[in-house]
Structures are given as structure tokens and as C-alpha cells.
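As C-alpha cells, the structure follows; a few thoughts come after it.
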Amino acid sequence: MDRRHFLRVSALAGLGIAVGGREAAALKRIECGDDSTESACKRLAEHEGFLRDMDRMLAEKGVTDPAQRQALLAAATCPVCGLPLTPSATGAF
């Protein structure tokens, strides 16, 4: 890397910090309540509803073993967004 390239990159990085120096919205922690309008909260509520419905359907189908039902629910994905319905160990949905 030559000196001109280094200075250009450094100047652009400094400009990016000066212009975009605000809180990252993707990393902002939000609290979900009953009256929350955040789309993430709505998605969580939707996932919880899917899990309740699936658990009820499994019980109706005769799956009475709680460990087996839990394993089936843990492997389920959302039919809308395709993400897992239960949080993973990595924190990703």
C-alpha cells in the first residue's frame, strides 16, 4: 500500500465517522410490551402464536411426550419469514 492510498482511505474513514456518527439501529436493544409498535416485537408475538398453535396440534395428534414435543417445536421454522421459531444458543432467530 502506498502513502497516497493510505491517506485516501484514512480520510474517507474519518469522513464516515464524522457524518455517520450515530447509534447503530441494528444493534439497539428494545423492550417489547403489549403496546409496542416495533416490528421485531410483532414478529416475536407472531412466532409465539405459531408455537402455541403447533403445540396444541401436536397434543391433538397424540404426541404426549413433553421431550418429543419440545424437540419438534425447537426444529420448527416460521412459515412467513423462514427463521426458527425458538431462539438458538447463538442468539439468532
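The analysis underlying the following values was restricted to heavy atoms, covering all of them including side chains, and did not include hydrogens, waters or symmetry mates.
Between atom CG of residue Leu83 and atom NE2 of residue His47 there is a gap of 6.0 Å, rounded to the nearest 0.5 Å. Separating the CZ atom in Phe50 from the CG atom in Leu73 is a distance of 13.5 Å, to the nearest 0.5 Å. Rounding to the nearest 0.5 Å places CE of Met57 at 11.0 Å from CG of Leu72.
One finds no salt bridge joining Asp55 and Arg52 here, because no Lys/Arg side-chain nitrogen approaches an Asp/Glu carboxylate oxygen to under 4.0 Å.
If you chain together hydrophobic residues whose side chains sit under 4.5 Å apart, Val80 and Leu85 fall into the same group.
A search for side chain to side chain contact (heavy atoms under 4.5 Å, CB included) contacts involving Asp65 returns Ala67, Gln68, not counting sequence neighbours.
Checked by atom type and distance alone, the side chain of Arg69 never pairs as donor or acceptor with a backbone atom of Leu58 at under 3.5 Å.
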